[in-house]
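The block underneath contains the structure these notes are about, expressed in structure tokens.
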Amino acid sequence: MAAFKININGKTETVDVDPQTPLLWVLRDHLKLVGTKYGCGIAQCGACTVHLNGSAVRSCQLPISAVQENQVTTIEGLSENGDHPVQQAWLEVDVPQCGYCQAGQIMTASALLKENPNPNDEDIETAMNGNICRCGTYTRIKAAIKTAASKTQSA
Amino acid sequence: MKTIKTGIGRRSFIKSVSLAGGGLVIGFNWMACKRAVEAENKNVALEMPEEWFELNGYLKVGDNGVVTIYSPNPEIGQNVKTSMPMIVAEELDVDWKNVVVEQAPLNTDVFSRQLAGGSQSIRQGWETLRMAGATARQMLLMAAADQLQVPIEELSVEKGIISHKNSDKSIGFGEVAAAASKLEVPEEVQLKDKKDFSIIGTSRKNVDAKKIVTGKPLYGLDTYEDGMLIAMIVQPPAFGKRLKSFDAESIKDMPGIVDVVELETFKEDYKRSAFDIDAFDKLVVVVGKSTWEVMNAKKALKVEWEESPDIIHDMEIFGREMTVNHPKGLENTDGHKKMMEQIASKGTKIEVVREDGSPKKAFKNAAKTVERSYYAPFLAHNCMEPMNFFADVTDEKATLIGPIQTPEFMERSVSERLGMPKEKIDIQMTRMGGGFGRRLYGHFVTEAAALSQKLKAPVKLVYTREDDMAFGTYRPSYHVHYKAALDENNNLVGFHVRAGGIPESPLFSNRFPAGAVDNYLAESWTIDSNITTGAFRAPRSNFIAGAEQSFLDEVAEAAGKDPIDFRLDLLKKAKENPVGEKNDYEPERYAGVLELVRKRSNWDTGSTGKNRGVAAYYCHNSYVAHVLDLSLKNEGVSIENVYCAIDCGIVVNPDAATNMAEGGSIDGIGSAMYGEISFDKGVPQQNNFDNYRMIRHSEAPKNIDVAFVQNDTDPTGMGEPPFPPVMGALANALYKATGKRFYSQPFIKELNEYNENKVLKS
């Protein structure tokens with residue numbers, strides 16, 4: 001066990017855990033930030049996606065000891081009132097079915113748009129291919145990303 | 001308008017129940033303090049009333065006119081948590097903006113059939129939900145008539161406001177709620193004319209959407225209670241094996257580990273119900289303080305396994321006594337396939353289920369025959385949220401929280417397992433990260449409950465992805481052999497289906513093309529296995545639809561007919577001159593979806609140059625047809641268009657139903673193209689998403705067009721029907737692209753063979 005100071009959603013949190021503990025379980029078990037989901041534990045499904053300095057990473061494969069000074073953003077911290085353009089687009093298109101994977105999808109999508117504000121279909125497919133949606137909302141996710149892109153462009 | 005009796009078999013409408021301090025009030029109070037204040041479902045914060053008045057078990061009205069509607073059925077992503085309350089709101093005539101939706105807990109005093117399965121929530125809830133709204137509306141009207149001192153006949157309601165026709169008097173629901181709640185429930189109420197619906201048939205957003213996109217706790221796995229322990233199972237590595245011994249000391253000193261125990265899911269003499277399936281009789285459970293610590297200890301635990309003997313379970317399946325055999329041995333997929341092919345070709349141990357005319361003669365005199373076999377492997381449900389449940393069992397009560405499709409069944413299972421009366425068991429349903437049939441089987445609920453009882457502590461039992469995927473309860477493996485006889489005019493005069501599987505047959509002997517062919521033979525067979533299986537989205541249909549529609553495509557080709565015309569001709573015969581009396585479909589509605597998909601896909605003039613396949617199927621009381629266009633790309637396929645035409649009667653929430661149909665189509669393509677659980681010496685060869693291939697973004701169709709047949713038939717199934725037929729459309733389109741028929745799932749293997757042969761030839 002060791003104490004780690006990490007920056008999550010603009011706040012500094014201290015946790016006393018095994019250094020190998022994946023960020024995912026620190027978020028869920030220790031900080032009760034349960035929006036980040038467990039899906040596979042081996043970085044194959046994307047349900048656990050968070051931002052590390054704005055880039056999408058799989059928190060199930062990121063040991064807490066590796067987080068260090070980097071800024072972690074989870075779905076809870078993506079926007080203050082749930083009004084990030086990607087979240088708004090998700091509501092507008094009414095994307096979710098079961099909804100379990102959607103936080104991860106949103107985190108990957110928002111990181112994509114930050115890097116590439118106007119992605120084409122292929123860009124979207126490439127960026128999103130690591131996020132599984134078992135319910136099959138892929139076409140809606142693509143539509144929502146385009147909606148969010150147009151919102152950001154016109155804003 | 002339709003007048004209906006409110007009382008028949010509906011305990012929820014007896015006011016004394018809803019007002020007395022029974023389970024209902026306790027249950028609802030829990031929900032109220034936990035969630036009502038949030039009221040986020042319209043992305044607008046509603047001001048909460050100071051006081052609520054329950055008019056019946058389905059709803060309560062606040063003194064400010066805000067209405068809480070309880071959604072009775074479990075939500076697995078099929079949208080019932082939005083669409084069921086919409087039906088109540090419709091008859092209540094409340095403004096949807098002023099509705100707060102809450103998930104009801106299990107409460108058999110108030111609700112019936114709190115189950116997510118068989119695509120029946122809306123169909124079977126339809127009348128009750130309407131009655132709940134209409135009854136409350138009537139009581140509010142009665143109270144308003146009294147308060148305004150006018151005859152009730154002169155009152156009308158719009159969006160929660162009651163107005164007097166002959167004056168400018170009006171009064172809101174909130175102002176009469178208190179008085180209404182004191183009234184007797186009327187014996188009869190009138191339901192609206194369907195043409196007057198203003199909520200049903202209009203698209204309303206998912207009531208949980210805001211919580212989903214902001215990461216609020218919603219799912220079973222998000223349950224964290226004070227003092228809660230985390231538990232994980234260690235299960236045999238192979239079907240056909242069982243626990244011999246384990247060394248608890250090997251991990252007891254690891255950080256965060258509290259206990260290591262042996263656990264039986266069910267008591268030995270327990271008579272299991274349809275949903276009490278477990279792969280292994282005993283598990284080892286590792287209990288600790290945090291997930292990561294338990295995961296590590298679980299991997300380090302020293303366990304010995306041994307081969308299991310034959311296992312026989314006496315079960316009671318929906319009132320029917322059945323014996324289920326799990327023979328000993330370590331099974332292999334190759335062995336399974338050989339056995340299936342052998343039975344199918346030899347015809348031994350086969351049951352004739354239906355025979356019309358003289359199939360033997362028809363095949364003897366046929367001008368042409370077509371004969372083909374189809375196969376599909378076991379599939380894992382792979383809900384994104386792995387199996388889990390929270391349990392807090394004390395001597396006084398059991399509180400159980402989590403994702404379960406069959407809470408009422410599990411109440412009995414838990415009661416028997418704990419030796420605790422049902423009245424002391426409180427089951428609360430969380431939103432589920434997928435169901436697909438997997439969470440009908442709640443062994444994890446009894447496991448969590450038994451564990452909490454043993455440990456005398458609140459505990460959350462969590463399956464890892466590997467535990468989840470390797471635990472069984474799979475979609476069975478299926479095989480079907482078809483034979484068709486054509487006469488000299490290319491009419492289908494004989495049809496023979498011989499279907500079987502491990503451990504169940506996928507046969508529906510009374511479905512199309514039964515009824516459309518004079519000489520028809522349907523046969524069935526099964527093979528026992530120790531690999532456990534369960535219902536998987538559209539059970540049996542999820543294989544037989546694709547196989548049958550693929551076979552009919554080949555028969556149509558042999559007959560030199562357009563595949564849609566060929567099917568329509570058969571359906572015309574089934575309508576005008578049906579063979580047999582037990583046919584389980586309406587030919588006209590069947591033809592209706594084919595006609596609609598033909599129009600939407602521009603089939604007649606727009607098919608040239610496209611690799612296009614069509615299929616249609618009936619299941620769960622609904623009709624669905626698909627047309628699918630694809631092209632070959634980088635050794636794989638690119639699905640360009642999917643057209644999906646549906647007849648499920650009245651569509652309660654059209655955009656949500658469209659979402660469901662899009663998802664069902666994608667799920668169907670993914671399952672048929674990539675899905676497989678195979679076995680080597682009883683060991684499942686896939687246990688996570690690195691070796692179980694799931695359909696991903698780039699493999700999903702570029703465009704999906706969903707259209708509904710417009711009619712005012714009461715709603716039928718929607719969650720399952722759009723899943724099975726797309727597999728047939730996919731197989732038929734693959735044929736167009738490659739010139740080769742696809743008979744064996746997952747199709748990616750046959751496609752890889754095709755690509756390899758092409759390389760060899762070039």
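Lettering follows sequence order; numbering is per chain, from 1. Side chains are part of it too, since the values below use all heavy atoms of this structure and drop only hydrogens, waters and symmetry mates.
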With the threshold set at 4.0 Å, does a side-chain nitrogen-carboxylate oxygen contact exist between A/Asp29 and B/Lys289? no
B/Pro386 side chain reached by A/Tyr38 side chain, heavy atoms, under 4.5 Å: yes
Would you mind reporting whether A/Ile106 and B/Val213 have side-chain heavy atoms less than 4.5 Å apart? yes
Between A/Ile141 and B/His697, is there a side-chain heavy-atom distance shorter than 4.5 Å? yes
Would you give the length of the straight line joining atom SG of A/Cys133 to atom CE of B/Met694, rounded to the nearest 0.5 angstrom? 9.0 Å
Has the side chain of A/Lys32 got a donor or acceptor atom that lies under 3.5 Å from a matching backbone atom of B/Tyr224? no
At a 4.5 Å cut-off on heavy atoms, which part of A/Gln87 comes close to chain B: side chain, backbone, both, or neither? both
Which heavy-atom pair separates B/Asn206 from A/Pro96 by the least distance, and what is that distance? ND2-O, 3.7 Å
Relative to chain A, which segment of B/Ile695 carries a heavy atom at a distance below 4.5 Å: side chain, backbone, both, or neither? both
Ion pair present between B/Lys210 and A/Asp83, side-chain N to carboxylate O less than 4.0 angstrom? no
Examine whether an atom of A/Asp121 lies under 4.5 Å from a heavy atom of chain B, and if so say whether it belongs to the side chain, the backbone or both; otherwise answer neither. neither
Can you name the nearest heavy-atom pair linking A/Cys45 to B/Phe689, along with the distance? CB-CD1, 3.7 Å
Which atoms of A/Glu122 are under 4.5 Å from chain B, going by heavy atoms: the side chain, the backbone, both sets, or neither? neither
Rounded to the nearest 0.5 Å, what's the gap from CG on B/Asp468 to SG on A/Cys40? Could you check? 12.0 Å
Given that the side chain runs from C-beta out, which part of B/Gln78 has a heavy atom under 4.5 Å from chain A: side chain, backbone, both or neither? neither
Proximity breakdown for B/Phe723 and chain A, heavy-atom pairs closer than 4.5 Å: neither
Are the side chains of A/Gln97 and B/Asn79 in contact, using a 4.5 Å heavy-atom criterion? no
Taking every heavy-atom pair that is under 4.5 Å apart, which of A/Gly39, A/Ala103, A/Gly82 has the most such pairs with chain B? A/Gly39
Nearest 0.5 Å please: distance from the CG atom of B/Asn688 over to the CD1 atom of A/Ile42. 3.5 Å
Side-chain contact test, heavy atoms from C-beta onward, threshold under 4.5 Å: evaluate it for A/Ile132 versus B/Arg696 and give yes or no. yes
A/Tyr100 and B/Cys383: CA distance, side-chain angles, deciding distance, side-chain contact (heavy atoms from CB on, under 4.5 Å) verdict: CA-CA 9 Å; A/Tyr100 190 81; B/Cys383 302; over 6 Å; no
Where on A/Leu33 is there a heavy atom nearer than 4.5 Å to chain B: the side chain, the backbone, both, or neither? neither
Indicate yes or no: does B/Glu385 engage A/Arg134 in a salt bridge with an N to O separation below 4.0 Å. no
Proximity breakdown for A/Val17 and chain B, heavy-atom pairs closer than 4.5 Å: neither
Ranked by heavy-atom pairs below 4.5 Å to chain A, first place among B/Val462, B/Ile704, B/Asp655 goes to B/Asp655
Could you report the tightest heavy-atom contact between A/Gly136 and B/Ile666, atom names first, then the distance? O-CD1, 3.3 Å
When rounded to the nearest 0.5 Å, the distance separating NE2 of A/His84 from OG1 of B/Thr214 is 13.5 Å
Around B/Lys633, counting heavy atoms of other residues, nucleotides and ligands shown, do more than 12 lie under 6.0 Å from its NZ? no
Min side-chain heavy-atom separation A/Tyr138-B/Glu699 under 4.5 Å: no
Below 4.5 Å from any heavy atom of chain A, which atoms of B/Ser665 appear? Answer side chain, backbone, both or neither. neither
Contact part of B/Leu221 toward chain A, heavy-atom cut-off under 4.5 Å: side chain, backbone, both or neither? both
Looking only at non-hydrogen atoms, find the nearest pair between A/His30 and B/Ser290 and report the distance. NE2-CB, 4.2 Å
Pairs of heavy atoms under 4.5 Å with chain A: top-ranked of B/Met295, B/Glu293, B/Glu75: B/Met295
Counting heavy-atom pairs under 4.5 angstrom with chain A, the leader among B/Ile212, B/Thr291, B/Asp690, B/Ile230 is B/Thr291
Contact class of B/Met228 relative to chain A, heavy atoms under 4.5 angstrom: neither
Chain B interface, residue from A/Ala47, A/Gly99, A/Gly35, A/Ala143 that has the most non-hydrogen pairs under 4.5 Å: A/Gly99
Report the distance from atom OH of B/Tyr219 to atom SG of A/Cys98, rounding to the nearest 0.5 Å. 5.5 Å
Pairs of heavy atoms under 4.5 Å with chain B: top-ranked of A/Lys142, A/Gln102, A/Glu92: A/Glu92
Given B/Asn659, which of A/Val93, A/Thr139, A/Thr137, A/Asp94 fulfils the side chain to side chain contact (heavy atoms under 4.5 Å, CB included) condition? A/Thr137
Segment of B/Thr658 engaging chain A (4.5 angstrom heavy-atom cut-off): both
Against chain A, label B/Met384 side chain, backbone, both or neither, depending on which of its atoms sit under 4.5 Å from a heavy atom there. both
Between A/Lys37 and B/Asp222, is there a side-chain heavy-atom distance shorter than 4.5 Å? yes
